[in-house]
Amino acid sequence: MANGGDGDGDVPENANEHCPGTQSEAAGKAESCAGCPNQQICATAPKGPDPDLLAIIERMNTVKHKILVLSGKGGVGKSTFSAQLSFALAEMNYQVGLLDIDICGPSIPKMLGLEGQDIHQSNAGWSPVYVESNLGVMSIGFMLPNPDDAVIWRGPRKNGLIKQFLKDVDWGDIDYLVVDAPPGTSDEHISIVQYLQIAGIDGAIIVTTPQQVSLIDVRKEISFCKKVSVPVLGVVENMSGLRQTLSDMKFVKPSENGETDATEWALDYIKDKAPELLSLIACSEVFDSSKGGAEKMCHEMGVPFLGKVPMDPQLCKAAEEGRSCFTDQKCSASAPALRSIIKKLIKTQ
């Protein structure tokens with residue numbers, strides 16, 4: 001809590017002196033808010049008692065575990081992880097819901113193979129779109145008449161949709177609700193935390209890549225979780241080096257005039273001279289992890305490290321095709337790593 005706070009609501013640690021509190025009607029608007037790093041967020045976040053909170057509590061009472069998936073930076077594979085986590089839990093015979101609150105960039109429908117699907121309403125509320133009988137999905141992507149349409153909404157309208165997802169979607173009795181959030185710490189994050197905390201949130205998984213430019217923002221994400229009292233279930237280091245079977249690689253021959261494809265020649269040569277090499281996995285560090293990557297950062301910040309997932313072209317292909325990476329042996333580099341992380345996660349629940 002900040003020294004000198006005058007409000008009855010929560011006061012962030014980095015707030016100005018005489019902060020009125022994040023739940024005050026004056027939050028973000030009082031004279032003491034001028035220059036505060038939280039001013040814009042506080043000014044647009046929901047305030048005071050909310051009549052819809054009871055409806056949210058009633059909906060969430062049928063959900064045993066609620067998990068946020070966060071990232072400090074976009075493009076680190078957060079939605080891919082959310083999708084594969086949901087697939088894995090469903091394949092373990094859990095009842096699973098996947099809620100996409102990335103309002104401006106909803107990629108979950110594609111990653112679950114549900115593009116072009118519509119939301120249906122009943123007396124019980126909005127019905128999720130089902131991949132399997134035990135895996136339901138909800139996303140603004142199902143509401144867009146054209147998938148190329150941009151969603152240009154200010155904070156209050158985004159917050160209103162998130163609230164509607166939580167109070168109106170009829171998940172039924174489920175074991176896990178995985179919430180795929182947008183990158184960063186914005187209005188959507190404050191709203192989802194505020195709404196889920198009243199119903200009991202298990203915590204957040206944070207996805208990052210190994211390089212410092214990503215870890216800098218992940219530190220902020222961890223700080224956000226601590227300030228709003230959301231437990232960090234663990235950090236996943238995604239794209240942790242490239243792993244690819246030799247037989248799936250392409251080979252080129254450089255020359256003064258450019259490159260020519262040498263894949264067929266190279267693979268034929270290997271088959272003839274050293275066929276045992278074709279079963280090996282080639283490894284390469286794509287991002288600089290010389291400073292210890294996510295594992296070292298977790299140790300420094302006192303949060304669990306769940307593990308590393310390599311960059312696997314087959315996993316990228318599975319995400320593009322909207323399918324699970326666990327149903328066949330194609331994702332031989334990434335699927336075992338993901339499965340190990342998910343087993344660790346389930347043990348903590």
Cluster link Leu215 to Met311, ILVMFWY, side chain under 4.5 Å: no
Gap separating the CD atom of Glu276 from the CD1 atom of Ile270, nearest 0.5 angstrom: 10.0 Å
Asn146 atom CG: more than 12 heavy-atom contacts under 6.0 Å: yes
N/O donor-acceptor pair under 3.5 Å between Ser191 side chain and Glu188 backbone: no
Test item: Glu295 side-chain N/O and Leu306 main-chain N/O as donor-acceptor pair under 3.5 Å: no
Test item: Asp217 side-chain N/O and Lys73 main-chain N/O as donor-acceptor pair under 3.5 Å: no
NZ/NE/NH1/NH2 to OD/OE distance under 4.0 Å, Lys64 and Asp175: yes
Sidechain-backbone polar pair: Asn238 side chain, Val207 backbone, donor-acceptor under 3.5 Å: no
Heavy atoms from other residues, nucleotides or ligands near OH of Tyr269 exceed 12 (cutoff 6.0 Å): no
Short side-chain to backbone donor-acceptor contact, Asp100 and Met138, under 3.5 Å: no
NZ on Lys78 to CG on Asp102, rounded to 0.5 Å: 5.0 Å
Test item: Ile342 and Met92 side chains (from C-beta on) under 4.5 Å apart, heavy atoms: yes
Least distance between heavy atoms, Ala335 atom then Cys325 atom: CB-O, 3.8 Å
Test side chain to side chain contact (heavy atoms under 4.5 Å, CB included) applied to Leu85 and Ile341, step by step: CA-CA 9 Å; Leu85 169 61; Ile341 287 170; over 6 Å; no
Donor-acceptor contact present, side-chain Ser340 to main-chain Pro336, <3.5 Å: no
Heavy atoms from other residues, nucleotides or ligands near CD of Glu264 exceed 12 (cutoff 6.0 Å): no
Test applied, side chain to side chain contact (heavy atoms under 4.5 Å, CB included); reference residue, Ser86; option that passes from Val96, Val137, Leu99, Ile67: Val96
Donor-acceptor contact below 3.5 Å, side chain Asp168 vs main chain Trp126: no
Side-chain donor/acceptor of Thr62 to backbone N/O of Gly172, under 3.5 Å: yes
Hydrophobic cluster membership, Ile174 vs Ile119, 4.5 Å side-chain cutoff: yes
Step-by-step side chain to side chain contact (heavy atoms under 4.5 Å, CB included) determination, Phe142 to Leu114: CA-CA 9 Å; Phe142 300 135; Leu114 298 173; 3.8 Å; yes
For Gln314 against Lys330, the heavy-atom pair lying closest together: CG-O, 3.3 Å
Phe287 CZ to Glu285 CD distance, which is reported to the nearest 0.5 Å: 10.5 Å
Within 6.0 Å of CD in Glu31, more than 12 heavy atoms from elsewhere: no
Sub-4.5 Å side-chain heavy-atom contact between Lys66 and Val179: no
Shared hydrophobic cluster for Val213 and Val76 (ILVMFWY, side-chain gaps under 4.5 Å): no
Closest contact, heavy atoms only, Leu98 versus Trp171: O-CH2, 3.7 Å
Cluster link Ile108 to Leu144, ILVMFWY, side chain under 4.5 Å: yes
Polar side-chain atom of Gln95 near backbone of Asp173 as donor-acceptor pair, under 3.5 Å: no
Cluster companions of Phe305 among Ile, Leu, Val, Met, Phe, Trp, Tyr (side-chain spacing under 4.5 Å): none
Non-hydrogen side-chain atoms of Leu166 and Ile192 separated by less than 4.5 Å: yes
Basic-acidic side-chain contact under 4.0 Å: Lys250, Asp261: no
Contact check, side chains of Leu53 and Tyr195, non-hydrogen atoms, under 4.5 Å: yes
Within-4.5 Å side-chain heavy-atom neighbours: Ile346 and Leu89: yes
Note, Phe224 side chain near Ile190 side chain (heavy atom, < 4.5 Å): yes
Derivation of the salt bridge (Lys or Arg N to Asp or Glu O under 4.0 Å) call for Arg59 and Asp170: CA-CA 7 Å; Arg59 283 291 188 195; Asp170 180 25; 3.5 Å; yes
Heavy-atom closest contact (Pro310 atom, Ala337 atom, distance): CD-CB, 3.9 Å
Exceeds 12 heavy-atom contacts within 6.0 angstrom, atom CD of Gln329: no
Donor-acceptor side-chain pairing of Gln197 and Ser229 below 3.5 angstrom: no
Straight-line distance of Gln84 CD to Ser324 OG, nearest 0.5 Å: 5.5 Å
Ser240 versus Lys308, closest heavy-atom pair with distance: OG-CD, 3.3 Å
Atom pair CE/CZ of Met301 and Arg219 - distance to nearest 0.5 Å: 6.0 Å
Distance-minimising heavy-atom pair for Gly28 and Cys33: N-SG, 3.3 Å
Beyond-backbone contact of His189 with Pro182, side-chain heavy atoms, under 4.5 angstrom: yes
Min side-chain heavy-atom separation Gln211-Ser214 under 4.5 Å: yes
Lys/Arg N to Asp/Glu carboxylate O, Asp187 vs Lys158, below 4.0 Å: no
Steps toward side chain to side chain contact (heavy atoms under 4.5 Å, CB included) verdict (Val131, Phe87): CA-CA 9 Å; Val131 185; Phe87 275 129; 4.0 Å; yes
Side chain Gln117, main chain Val129, donor-acceptor under 3.5 Å: no
Atom pair CD1/NZ of Ile101 and Lys163 - distance to nearest 0.5 Å: 14.5 Å
Derivation and outcome, side chain to side chain contact (heavy atoms under 4.5 Å, CB included), residues Asp288 and Gln212: CA-CA 8 Å; Asp288 179 20; Gln212 289 298 307; over 6 Å; no
Shared hydrophobic cluster, Leu177 / Ile198 (ILVMFWY, side-chain heavy atoms < 4.5 Å): yes
Side-chain H-bond candidate by donor/acceptor type, Asp180 with Ser79, under 3.5 Å: yes
Matching residue for Val236 among Leu338, Thr208, Val309, Ile206 - test: side chain to side chain contact (heavy atoms under 4.5 Å, CB included): Val309
